[in-house]
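I have placed the structure first, in the form of structure tokens, so that the comments after it can refer back to it.
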Amino acid sequence: MDGDTLRVAIEAQLHGCVGRNANLQQLKVAIAAILSGGVYFDPGFVPLLSRILGKRSAGADGLSERERQVVARVAKGQNAKEIGSALSISAKTVETYKARAQTKLGLRSRAELVDYALSQGLWT
């Protein structure tokens with residue numbers, strides 16, 4: 001998808017977009033996000049979306065480095081207290097980063113967040 005096509009789609013209030021190489025898990029996450037009133041864009045489109053919308057993203061998926069760290073540790077099964085201790089932040093701050101990541105990615109549950117982290121190799 002080129003920038004002009006994506007710009008038109010955004011102006012038409014597109015709710016989501018997956019790449020042609022999306023796997024079944026990505027499709028499930030996209031459908032769930034859209035059906036729940038959210039949006040989903042394939043991580044591969046984030047840099048282009050960021051340019052079109054005039055926003056800078058920290059990573060290809062729009063997550064900040066700290067959000068990525070929290071998501072990776074959530075995928076490993078750590079709770080907020082454990083993550084906070086490892087990253088020298090409070091458990092409440094961990095929950096804030098987790099919530100922001102879920103919002104940015106259009107995910108509604110911890111399970112979806114773990115699936116996303118695993119599909120993006122954040123767990124390793």
Side-chain angles (χ1 to χ4, degrees):
M1 181 178 292
D2 63 31
D4 290 333
T5 303
L6 193 52
R7 183 176 289 107
V8 169
I10 292 168
E11 290 169 0
Q13 298 181 354
L14 179 76
H15 292 275
C17 186
V18 293
R20 66 176 150 217
N21 296 324
N23 62 35
L24 183 57
Q25 183 59 38
Q26 287 171 303
L27 291 173
K28 286 180 183 178
V29 170
I31 291 168
I34 292 167
L35 288 177
S36 67
V39 298
Y40 177 90
F41 287 91
D42 189 293
F45 293 124
V46 172
L48 182 57
L49 277 169
S50 296
R51 284 193 304 274
I52 289 170
L53 298 174
K55 297 179 182 175
R56 183 184 66 81
S57 66
D61 53 11
L63 299 181
S64 70
E65 183 58 31
R66 184 62 93 181
E67 289 163 347
R68 291 176 71 76
Q69 292 169 344
V70 168
V71 169
R73 290 177 180 275
V74 167
K76 292 178 182 176
Q78 295 179 350
N79 64 37
K81 187 175 179 180
E82 293 169 328
I83 296 169
S85 177
L87 299 177
S88 300
I89 57 178
S90 73
K92 183 172 172 92
T93 301
V94 169
E95 291 299 331
T96 298
Y97 282 122
K98 181 177 149 247
R100 286 181 187 165
Q102 284 181 252
T103 299
K104 286 179 179 181
L105 298 169
L107 306 176
R108 298 190 45 97
S109 70
R110 180 182 182 102
E112 287 180 349
L113 190 63
V114 170
D115 284 342
Y116 174 82
L118 294 174
S119 73
Q120 297 301 307
L122 297 178
W123 187 79
T124 57

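In this text the structure is predicted, and so the values were computed from the model without any measurement. Numbers here are sequence positions counted from 1.
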Is the shortest side-chain heavy-atom distance between [X] and [Y] below 4.5 Å?
X: V71; Y: Q120; answer: no
X: Y97; Y: I83; answer: no
X: L107; Y: Y116; answer: yes

| Nearest heavy-atom pair of L63 and R68: which atoms, and what distance? |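 In this case the closest contact between L63 and R68 is CB-CG, 3.6 Å.
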| said: Please give me the minimum heavy-atom distance between Q102 and R110, naming the atom from each residue. | reply: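 Looking at all heavy atoms of both residues, the shortest contact is NE2-N, 4.2 Å.
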| request: Hey, could you give me the CD/OG1 distance between E67 and T96, rounded to the nearest 0.5 Å? | output: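 It is 10.5 Å, given to the nearest 0.5 Å.
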| Got a second to check how far L105's CG is from R100's CZ, nearest 0.5 Å? |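 Between L105 CG and R100 CZ, I get 14.0 Å after rounding to 0.5 Å.
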Taking side chain to side chain donor-acceptor pair (under 3.5 Å) as the test, write out the residues that go with [X], two or more places apart.
X: S109; result: none
X: R66; result: Q69
X: T93; result: S90

| field | Same apolar cluster (I L V M F W Y, side chains within < 4.5 Å links), V114/L27 | value |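 Same cluster: V114 reaches L27 through Ile, Leu, Val, Met, Phe, Trp or Tyr contacts under 4.5 Å.
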| task | Indicate if L118 and V18 have the same hydrophobic cluster label, given that clusters are the connected sets of ILVMFWY residues with side-chain heavy-atom separations under 4.5 angstrom. | result |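 Linked within one cluster.
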| message | Under 4.0 Å between a side-chain nitrogen and a carboxylate oxygen: does that hold for K92 and E95? | response |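 Between E95 and K92 there is no salt bridge, as every charged N stays at least 4.0 Å from the carboxylate O atoms.
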Has [X] got a side-chain atom pairing as donor or acceptor with [Y]'s backbone, closer than 3.5 angstrom?
X: S85; Y: K81; value: no
X: E82; Y: N79; value: yes
X: E112; Y: R108; value: yes

